[in-house]
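Not measured: the values here are computed from a predicted model. For the single chain, residues carry numbers from 1 onward in sequence order. Ligands are counted one by one from 1 in listed order, and the atoms in each one are counted from 1 as well. Basis for what follows: all heavy atoms, side chains included, without hydrogens, waters or symmetry-related copies.
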Amino acid sequence: MKTVKLANGIHMPVLGLGVFKVEEGAELVSAIKEATRLGYRSIDTAAIYGNETSVGQGIRESGIPREDLFITSKVWNADLGYEATLAAFDESLRKMELDYLDLYLIHWPVEGKYTDAWRALEKLHQDGRIRAIGVSNFQIHHLETLKKTAIIMPVINQIELHPQLTQKDLIAYCTKNNIHVEAWSPLMQGGLFNNPTLQEIAAHHGKSVAQVILRWDLQNDIIVIPKSTKPHRIAENMAIFDFELSDEECAQIDALNQNLRVGPDPDNIDF
Ligand code: NAD
């Protein structure tokens, strides 16, 4: 699996398996086993997904050595705060039966709460319990606020990003500040498969629309974590390293932007 070097020197796979909306249980365990059998090494979960126990089981049953995997989880809004975040981290590790995480993210930038939570992530990182720390759904102004008190800056910002929400300004800011961008809902939760531009590009390469979108991300140095529990889709989403989009095709995809979100606006969260 191809990796990128994050700002703190550690390597992260450019493609991982997202597990949002997959419940605890056999389906998730077998999706992780199938993905790792195919070559996936990165799994993206979160405390709020309520499936960390099965993620841990999938990891153990995969038989892949722990050090070869890259496991991400996220602290939920209700647990933002120095002590609360330390406790939430312990709970995530307990559920997954792991003794460290590769990446831990602040899930949403809840005003007035994320700077204290960040101090907890810094402490966990300094204690060697998380290899890399980052944020999710942070806009430029949240990152600027964090910068005022942070000792370590995030190495990842995981944001909603797909051809109808290309986030160019935020990506430019993150790139300038050595923060790698990771796309959530890269497939817009299935909302792009009938797009004629994407269908045409896909047909030209003999690939699927999903593969074209994920390839567009990779060529823009964006890390992707598409979600599926179906073996054929897990395989399809990995077959993106054997073709290349032209600059013109990338520009055509960029032009699909409509600043359209499928998830909440980080500046207007009420949960
Ligand atoms: P996604 O864009 O990955 O789309 C998933 C949907 O597309 C599913 O219905 C799946 O069955 C379908 N799909 C996947 N591959 C396909 C293929 N090749 N062909 C046809 N259909 C296919 O949406 P997502 O799950 O919202 O996002 C991916 C991951 O990002 C999540 O699982 C989660 O790990 C993460 N995420 C993070 C946040 C956050 O706030 N940080 C929010 C949402 C999601």
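For atom 43 (C) of ligand 1, the nearest protein heavy atom (residue, atom name, distance) is Trp184 CE3, 3.1 Å. Among protein heavy atoms, the minimum distance from atom 40 (O) of ligand 1 is reached at Asn137 ND2, 2.9 Å. Nearest to atom 2 (O) of ligand 1 among the protein's heavy atoms is Leu187 N, 2.8 Å. Scanning the protein for heavy atoms near atom 28 (C) of ligand 1, the closest one is Ile225 O, 3.1 Å. Nearest protein heavy-atom contact of atom 7 (O) of ligand 1 is Gly190 N, 4.1 Å.
Contacts with ligand 1 closer than 4.0 Å are made by heavy atoms of both the backbone and the side chain of Gln189. Under 4.0 Å from ligand 1, heavy atoms of Pro186 appear from its side chain as well as its backbone. By the criterion of a heavy-atom distance under 4.0 Å, the side chain of Asn237, and not its backbone, is placed next to ligand 1. If you look at Gln211 next to ligand 1, there are no close heavy atoms at all, none under 4.0 Å. Under 4.0 angstrom from ligand 1, the non-hydrogen atoms of Ala210 all belong to its side chain. With a heavy-atom cut-off of 4.0 Å, Val19 touches ligand 1 through its backbone alone.
Close approach to Met188 involves these atoms of ligand 1, each under 4.0 Å from a residue heavy atom: 2 (O). Interface atoms of ligand 1 facing Trp108, defined by a heavy-atom separation under 4.0 Å, are 40 (O). Listed by number with element, the atoms of ligand 1 under 4.0 Å from a non-hydrogen atom of Ser136 are 39 (C), 40 (O), 41 (N).
More than 12 heavy atoms of other residues, nucleotides or ligands sit less than 6.0 Å from atom CD of Glu61. Open room surrounds CG on Asp247; 12 or fewer heavy atoms of other groups in view lie less than 6.0 Å from it.
Residue contacts with ligand 1: Asp44 is placed with a nitrogen or oxygen under 3.5 Å of a nitrogen or oxygen of the ligand (distance criterion only).
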Is there a side-chain hydrogen bond (donor to acceptor under 3.5 Å, both in side chains) between His162 and Glu160? Walk through the geometry before answering. CA-CA 7 Å; His162 44 70; Glu160 182 180 346; 2.8 Å; yes

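Using a 4.0 Å cutoff on heavy atoms, Pro226 counts as a contact of ligand 1.
No hydrogens or angles considered: a donor-acceptor pair under 3.5 Å links the side chains of Glu27 and Thr229. Side chains of Glu244 and His205: a donor-acceptor N/O pair is absent below 3.5 angstrom, by distance only. Side-chain contact of Asn177 with Lys147: a donor-acceptor pair under 3.5 Å is present, judged by distance alone. Counted by atom type alone, His141 and Asp267 present one or more donor-acceptor pairs between their side chains at under 3.5 Å. Defined by atom type and a distance below 3.5 Å, a donor-acceptor pair is present between the side-chain atoms of Lys74 and Tyr49. Residues Glu52 and Thr45 have side chains that never bring a donor and an acceptor to within less than 3.5 angstrom of each other. No side-chain donor from either of Gln211 and Arg215 sits under 3.5 Å from a side-chain acceptor of the other.
In this structure, of Ala239, Gly263, Pro266, Ser185, the residue bringing a heavy atom nearest to atom 26 (O) of ligand 1 is Ser185. The heavy atom nearest to atom 21 (N) of ligand 1, out of those in Phe193, Tyr49, Phe20, is found in Phe193. Closest heavy-atom approach to atom 37 (C) of ligand 1 among the candidates Lys21, Gln158, His107: Gln158. Nearest-heavy-atom check against atom 22 (C) of ligand 1 across Glu160, Glu236, Arg233 picks out Arg233. When the heavy atoms of Lys227, Glu182, His162 are ranked by distance to atom 14 (C) of ligand 1, first place goes to Lys227.
A salt bridge links Asp254 with Lys168; the closest basic N to acidic carboxylate O contact falls under 4.0 Å. Between Glu236 and Arg233 there is no salt bridge, since no side-chain N of the basic residue sits under 4.0 Å from a carboxylate O of the acidic one.
How far OG of Ser54 is from CD1 of Ile32: 7.5 Å, rounded to the nearest 0.5 Å.
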